[in-house]
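Keep in mind it's a predicted model, so treat the numbers as computed, not measured. Any value given below was found using the heavy atoms of this structure, including those in side chains, with hydrogens, waters and symmetry copies removed. Letters A, B, ... are given to chains in the order of the sequence lines, protein chains preceding strands, and every chain is numbered from 1.
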Amino acid sequence: MSYKSLKGFRDLLPEETGKWLWMERIIRDLMRRYCFGELRLPFVESTELFARGIGEGTDIVGKEMYTFLDRSDPPLSIALRPEMTAGAARAYVQHSIAQQQPITKWYYVGPAFRYEQPQAGRYRQFYQFGVELINSDRPEAEAEVIGIGNDLLSELGLSNYTLLINSLGMPSERAEFREGLIDFLRQRSDRLSEDSRRRMEENPLRVLDSKEESDIQATQDAPSILDFLGDESREHFKRVQELLGAAKVKYEIAPHLVRGLDYYTRTVFEFVGGDLGAQNTLIGGGRYDNLIEEVGGKPAPAIGFGCGLDRLILSIEAAGSGPTTEPSIDAYIVALDDQARRWAVGAATLLRCSGANIEFDLLGRSMKAQMREANRKGARNAIIVGANELAENIAQVKNMATNQQQGVPFEGLQEYIFPER
RNA sequence: GAGGGUGUAGCUCAGUAGGUUAGAGCGCCAGGUUGUGGCCCUGGAGGUCGUGGGUUCAAAUCCCAUCACUCUCCCCA
């Protein structure tokens, strides 16, 4: 085999795309009911947009972006999008959406790219569904967005998941907490893992999210971000919890939940799946009240989430969920000679125009082979036409399940195979 | 960037005290049926045993290197 897809990139063959179409249909139907509009963004943006939007210090920007120089003069640094929120914020500002509508509800579905070691549920080209709700600072916005995530998972037939929520406060509150946390961590740095000692200075919040047993032990009585929230942030978080209760959404408060993007403020949340191993974040999101301003717009509070569709597919498979009906073939036309094949081409066109799913042999195979193919494909009927049928204008139609076969006049085929529905 | 595991037919895998033409199941093709699928029977196509080198009379099998895939850590969806 001379060519292979690149590491972390893969083909989705028709065998699998059925599941994807099913999932995407559920997503789009859900978004219709929540009255969100679909946004389609470029796959490529200026590198700077992501650096500014996501944060220079994050791993995503620091070491996982696919960046290239284009052919302009001087060359422009561009990047494959590592997520879609920055692009959505850019679009919001570029099109002056704030001037046109008081609140904006967008969703998107599509690929994003990160240069990482692939592993289960993680690829270099991965697929995300996400929502962005822009220009509301109200806790109802949290309830709306989190509710979408909850509804989505349940409509996909998943039940083995947990919603974790936390508040990171506003930047000033987080800075204060950060100081306190660094003090705490320094005192017990000897008990921390090597990774955590490194992270302690650059991103101390992440230490709390460590999976190392020693780190978990050492940080059990670490200060909680929740104790550093000001009145407004505290009240906001409390109200979010009330509203989730009103929406009957089950959640757990997770003071250790931090998330890796710089732009989050106040509420952050994750839906984690039970049976996915390390890559178990199905949906991750939060409020980002400063991002719009960061990319050049007038300040606008916002909240959203990203949802990993590759992982959703894994969960769907693990849960035994998925589409129940496969597209069926209404009839397979079995043509016995060249005359009959000519007839079949015309008949197939007519039947297909009426809405029926029709297949016929494209390899010039024997009748036996055509019948075998009709059976294998699960066709409901075989329309058999040879010289005799052409002479009488009557096709032999065999019901593949019952074995019953009868003559059907050509002009009655459409009605027989595909009655008006 | 760090650490495990695995590479034999399209797919899932047998085959290692080195020994003739490398096997099975599934799938695919054809025949058994003159104009009728499934089940059954028979036959067939399909393999540089990941790649390169070494040891040996002889390597899928032993040694070295290398690549790919996969899982885990980091990080995230």
A.B. asks: What nucleotide among A77(B), A68(B), C29(B) has an atom nearest to a side-chain atom of Lys4(A)?
C.D. replies: A68(B)
A.B. asks: For a quick test of reading the model, state the closest non-hydrogen atom pair linking Leu244(A) to Ile165(A) and the distance between them.
C.D. replies: CD1-CD1, 4.2 Å
A.B. asks: Considering Watson-Crick and G-U wobble pairs with both distances under 3.5 Å, what does G27(B) pair with?
C.D. replies: none
A.B. asks: For U21(B), what is the paired nucleotide under Watson-Crick or G-U wobble rules, both distances under 3.5 Å?
C.D. replies: none
A.B. asks: G52(B) and G7(B): how far apart are their C1' atoms, nearest whole angstrom?
C.D. replies: 16 Å
A.B. asks: Can you tell me how far C1' of A77(B) sits from CZ of Phe269(A), to the nearest Å?
C.D. replies: 12 Å
A.B. asks: Could you work out the separation of A68(B) and G44(B) based on their C1' atoms and round it to a whole Å?
C.D. replies: 33 Å
A.B. asks: Just the table, please: protein N/O against nucleotides 33-35 of chain B N/O, every pair under 3.5 Å.
C.D. replies:
residue, atom, partner, partner atom, Å
G35(B), O6, Asn388(A), N, 3.3
G35(B), O6, Asn388(A), OD1, 3.3
G35(B), O6, Asn388(A), ND2, 2.3
G35(B), O6, Glu389(A), OE1, 3.4
G35(B), N1, Glu389(A), OE1, 2.7
G35(B), N1, Glu389(A), OE2, 2.9
G35(B), N2, Glu389(A), OE2, 3.0

A.B. asks: Tell me whether the side-chain N or O atoms of Glu270(A) pair up with the base of A77(B) as donor and acceptor below 3.5 Å, since no angle test is needed here.
C.D. replies: no
A.B. asks: Flag the pair Arg341(A) and Asp361(A) as a salt bridge only when some basic side-chain nitrogen lies within less than 4.0 angstrom of an acidic carboxylate oxygen.
C.D. replies: yes
A.B. asks: Provide the distance between the two C1' atoms, one in C11(B) and one in C69(B), to the nearest whole Å.
C.D. replies: 16 Å
A.B. asks: Side chain of Asp310(A) only, heavy atoms from C-beta on: which candidate in C29(B), G1(B), A77(B) is closest?
C.D. replies: A77(B)
A.B. asks: Checking all strands, does Gln117(A) fall into the base, sugar-phosphate, or nothing category for heavy-atom contacts under 4.0 angstrom?
C.D. replies: base
A.B. asks: Could you tell me whether a side-chain N or O of Thr162(A) sits under 3.5 Å from a main-chain N or O of Val272(A), the two making a donor and an acceptor?
C.D. replies: no
A.B. asks: Parallel, tilted or perpendicular: which one describes the rings of Phe113(A) and Tyr66(A), with boundaries at 30° and 60°?
C.D. replies: perpendicular
A.B. asks: Any strand is fair game: report the nucleotide pairing with G1(B) by Watson-Crick or G-U wobble, both distances under 3.5 Å, or none.
C.D. replies: C73(B)
A.B. asks: Which letters describe nucleotides 40-46 of chain B, given B = protein heavy atom under 4.0 Å from base, S = only from sugar-phosphate, - = neither?
C.D. replies: -------
A.B. asks: Kindly compute the distance separating NE2 (His236(A)) from CG (Asp137(A)), expressed to the nearest 0.5 Å.
C.D. replies: 7.5 Å
A.B. asks: If you assign each of Lys63(A) and Ser5(A) to its closest nucleotide in RNA chain B, which residue comes earlier from the 5' end?
C.D. replies: Ser5(A)
A.B. asks: Would you mind reading off the distance between Asp361(A) atom CG and U36(B) atom P, rounded to a whole angstrom?
C.D. replies: 16 Å
A.B. asks: Pick base, sugar-phosphate or nothing for Gly121(A), based on heavy-atom distances below 4.0 Å to the nucleic acid.
C.D. replies: base
A.B. asks: How long is the line joining CZ of Arg122(A) and C1' of U70(B), in whole Å?
C.D. replies: 13 Å
A.B. asks: May I have the distance from Glu83(A) (atom CD) to C75(B) (atom P), rounded to whole angstrom?
C.D. replies: 18 Å
A.B. asks: Could you walk me through whether Glu38(A) and Arg28(A) satisfy the side-chain contact (heavy atoms from CB on, under 4.5 Å) test, starting with their C-alpha distance in whole Å, then the side-chain angles of each, then the deciding distance to 0.1 Å, before giving a yes or no?
C.D. replies: CA-CA 9 Å; Glu38(A) 183 180 353; Arg28(A) 290 200 155 81; 3.0 Å; yes
A.B. asks: Is any side-chain nitrogen or oxygen of Arg365(A) closer than 4.0 Å to OP1 or OP2 of A30(B)?
C.D. replies: no
A.B. asks: Given C28(B), is OP1 or OP2 found less than 4.0 Å from the side-chain N or O atoms of Arg376(A)?
C.D. replies: yes
A.B. asks: Taking NZ, NE, NH1 and NH2 as the nitrogens, is one of them in Arg352(A) or Asp330(A) under 4.0 Å from a carboxylate oxygen of the other?
C.D. replies: no
A.B. asks: Using atom CE of Met371(A) as one end and atom C1' of C29(B) as the other, report the distance to the nearest whole Å.
C.D. replies: 18 Å
A.B. asks: Considering only the P atoms, how many Å lie between A22(B) and C26(B), rounded to the nearest integer?
C.D. replies: 22 Å
A.B. asks: Is Glu45(A) paired with Arg90(A) through a side-chain N to carboxylate O contact shorter than 4.0 Å?
C.D. replies: yes
A.B. asks: Where the side chain of Glu116(A) is defined as all heavy atoms beyond and including C-beta, which of C75(B), U72(B), C29(B) is the nearest nucleotide?
C.D. replies: C75(B)
A.B. asks: Check every atom of A77(B), C69(B), A30(B) against the side chain of Arg372(A) and return the nucleotide holding the closest atom.
C.D. replies: A30(B)
A.B. asks: Rounded to the nearest Å, what distance is computed from the CG atom of residue Leu257(A) to the C1' atom of nucleotide C75(B)?
C.D. replies: 14 Å
A.B. asks: Applying side chain to side chain donor-acceptor pair (under 3.5 Å), run through Glu132(A) and Tyr92(A) and close with a yes or a no.
C.D. replies: CA-CA 10 Å; Glu132(A) 314 291 350; Tyr92(A) 181 83; over 6 Å; no
A.B. asks: Within the structure, does a side-chain N or O atom of Gln119(A) lie under 4.0 Å from either OP1 or OP2 of U72(B)?
C.D. replies: yes
A.B. asks: Under 4.0 Å, counting only non-hydrogen atoms across every strand here, what does Tyr123(A) touch: a base, just sugar-phosphate, or nothing?
C.D. replies: base
A.B. asks: For residues Tyr251(A) and Phe269(A), establish whether the separation of their ring centroids is below 6.0 Å.
C.D. replies: no
A.B. asks: Taking G19(B) as the reference, what is the distance to C40(B) when you measure between their P atoms (whole Å, please)?
C.D. replies: 36 Å
A.B. asks: Given that Leu6(A) and Tyr127(A) both sit by RNA chain B, which one's nearest nucleotide is further toward the 5' end?
C.D. replies: Leu6(A)
A.B. asks: Quote, to the nearest angstrom, the P distance that separates U16(B) from C73(B).
C.D. replies: 35 Å
A.B. asks: When rounded to the nearest Å, what value does the distance between C1' atoms of G50(B) and C67(B) take?
C.D. replies: 8 Å
A.B. asks: Under the 3.5 angstrom rule, does the side chain of Arg311(A) hit a backbone N or O of Gly121(A) as a donor-acceptor pair?
C.D. replies: yes
A.B. asks: Can you check the Leu152(A) CG to A77(B) C1' distance for me, whole Å?
C.D. replies: 13 Å
A.B. asks: Can you tell me the pairing partner of C40(B) across any strand shown, Watson-Crick or G-U wobble, with both distances under 3.5 angstrom?
C.D. replies: G32(B)
A.B. asks: When the P atoms of A9(B) and A77(B) are compared, how many Å lie between them, rounded to an integer?
C.D. replies: 39 Å
A.B. asks: Can you check the Met400(A) CE to U36(B) C1' distance for me, whole Å?
C.D. replies: 8 Å
A.B. asks: Is G52(B) paired to anything, Watson-Crick or G-U wobble with both distances less than 3.5 Å, and if yes, which nucleotide?
C.D. replies: C64(B)
A.B. asks: Regarding Glu83(A) and Arg81(A), does a basic nitrogen lie under 4.0 Å from an acidic carboxylate oxygen?
C.D. replies: no
